[in-house]
Amino acid sequence: MFGQNTIKNFTQNPKNDILAGITVSLAMIPEVVAFAFVAQISPIVALFGAFIIGIISALFGGRPGLISGAAGAVAVIFVHMIQEGHAKGLLFDSPVENMGYFYLLAAVVLMGIIQVLAGVFKLGKFVRLIPHPVMLGFVNGLAIVIFMAQLGMFKENTKDVFGQNMRKTESKELIYNVSDNSVKDLISDTKLFSIKGESITNINTGEEVFIMSNNQVFDVKTKKVVFNVQDNGFYSVKDSGVVKSIMEGKKLYIMIGLVLLTMLIIWGLPKLTKKMPAALTAILIVTLISIFGGLQSINVGDFIRDGGGAGLNGFDELSSKLNLGELWSHLPFNLDTLKFIAPYAFLAASVGLIETLMTMNLVDELTDTRGDGNRECVAQGAGNMVSGIFGGTGGCGMIGQTVINVNAGGRGRLSGVMMAITLLTFILFADKYIEQVPIAALVGVMFMMVIETFAWSSLRIMKKIPMSDAVVLVIVSVVTVIFDLAIAVFVGVIISALSFAWENAKKIRARKRIQADGTKTYEIWGPLFFGSITAFNEKFDIKNDPDHVEIDFVEARVSDHSAIEAIFIIVEKYQAEGKTIKLKHLSEDCKILLFKANPKFKDVIVEAINDPRYHLAADPEKFTKPLSEYNV
């Protein structure tokens, strides 16, 4: 793997790569941790996964400078699976808590296997089929998504009666009736609990078992929401996440001020000197101002602790993940497990590869170089496999961090390796220091990245490009924001393909002339394929044409089996009218297919030395023998 080209690409500017890698690792932490909370897993799992995927893809991937980690596009796919996995674990003969996490590991390993196979079978080349308007829409949509994600940093978690993060709960089924300050059984109407203010006590024991607050009922022992109070009854609940509210007062003003200061430093420092990386310098300056100025600003440590995760517990928690026997002993290895994880793994693998390959294309444009998509597929898959085996989550290429890396001068593999090593150092040894970095500084970096990423030129060229391309650009941007990247790319490619087919379908033409002997000649011009068949058929006047007809395909290109079928039908219609028809200037592939369809075409097709040579989309590799070898 480490050939001459790899060594050359490892680094051409060590200083830039090292500083860019450190900058990216700082910008990676809040995003990875935030996505860990979305997926309901420990931050250490996501950070450790980001380290493994990042270093493997940096060393062995097909695109130096591309940054990979535990990305949100992949994390959101596993949310439902993890929740279902927890429920499955409680149904085992020996119930297993947090079973969803062990299903996650298996799904990440399977995701990696699928991605490796995609690289082995060279599916990465299909990224070339993605049109430029889709690429612009992807970039714009993802920039908007990243911007909107940063707005969430201006919110803080609302606290419940126990001082914990308040949970947003939805009512499901009615469990108990409530009337006259009593909680009653649904069937027997027996009084079970009495309500006094916010306290709910057991009638038989007099012990307080529940507390009521904000239309929610909390279990006193577990301090978790167990019921919703609604319509004179207690209802079972579905947890929909943490309740958040916008920051207010001094805390909000400090947050905005530090964000603006960070953006100002990143914008202004390169105008003074380019020897210092602007993003890293801005983070350090804002951190020092926050610490020594005694500003009450939310920092990385507060963000992790307030998110309800396990936090950065350093080597103790990390080392427990390396006991593979214990880690994998909880997972049932059977067909049911495979059926459960396979759909999530396939979707995550697809989304991960699409985002990675699209990011690779963006880096190609920014650096005027070209990456190897198939090699990147294998590296991403290997990274996910190793991450899953050792207890980390899945990931893919991250466009935001990649743009930060490229803008900071990171061009070689060293920048990605440095990012991963710095991230691991933070996990193991420097967690107390990195916790002091204000979230505002990282939000400022991400805002500047959004400004750099958004294709502002697309706004200027909207009226200059074809309407179909403009529509594709807008649709891909909107779908990326509303749904996800994979759906947006598929929709964009489909619309572009249909638009291309429609435009080409209108280009079919037929010049008509009568020869001296009375033969009518149709000179076909343009592409003949599934989309243009209707227009092709409309060119002929079978009933009124003379007894002798010629169709000349010298300026046409017969593209697929649908076109062959259309030619076959036209010939049959003329012959059914008792008229003689000849076909001229068909390619060798067309002749072979028509001969196979009916030997009578030997008398219909006129062979000439200047017949065109091209393959059909039908199955070109089958038409390698000369025509004379076919027994017709």
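Remark: the backbone N or O of Gly137 is paired with a side-chain donor or acceptor of Ser477 at under 3.5 angstrom. Using a distance-only test at 3.5 Å, with no hydrogens or angles considered, a donor-acceptor pair links the side chain of Ser532 to the main chain of Pro527. Side-chain atoms of Asn157 do not come within 3.5 Å of backbone N or O of Asn165 as any donor-acceptor pair. Using a distance-only test at 3.5 Å, with no hydrogens or angles considered, a donor-acceptor pair links the side chain of Arg411 to the main chain of Val406. Here the side chain of Tyr103 pairs no donor or acceptor atom with the backbone of Glu84 at under 3.5 angstrom. When atom types are taken as modelled, the side chain of Thr402 and the backbone of Met398 share a donor-acceptor pair closer than 3.5 angstrom. With Ser559 contributing its side chain and Phe529 its backbone, the two residues share no donor-acceptor pair below 3.5 Å. Checked by atom type and distance alone, the side chain of Trp456 pairs as donor or acceptor with a backbone atom of Ile451 at under 3.5 Å.
Heavy atoms only, all atoms of each residue included: Ala420 and Phe51 are closest at O-CD1, 3.1 Å. The shortest non-hydrogen separation linking Ile22 to Leu280 is CG2-CD1, 4.0 Å. For the residue pair Cys396 and Thr356, the shortest heavy atom distance occurs at CB-OG1, 3.4 Å.
Other residues, nucleotides and ligands contribute only 12 or fewer heavy atoms inside 6.0 Å of the NZ atom of Lys168.
A salt bridge links Asp364 with Arg63; the closest basic N to acidic carboxylate O contact falls under 4.0 Å.
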Side chain to side chain donor-acceptor pair (under 3.5 Å) between Gln380 and Ser68: does it pass, once the steps are laid out? CA-CA 8 Å; Gln380 291 287 331; Ser68 299; 2.6 Å; yes

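Between Phe447 and Phe147, the distance separating the two ring centers is shorter than 6.0 angstrom. Between Phe390 and Phe48, a ring centre-to-centre spacing not shorter than 6.0 Å is recorded.
With contacts defined as side-chain heavy-atom distances shorter than 4.5 Å, the pair Pro131/Val134 qualifies.
Going from atom NZ of Lys88 over to atom OG1 of Thr337 covers 7.5 Å, rounded to the nearest 0.5 Å.
Side-chain polar atoms of Lys122 and Asn374 form no donor-acceptor pair below 3.5 angstrom.
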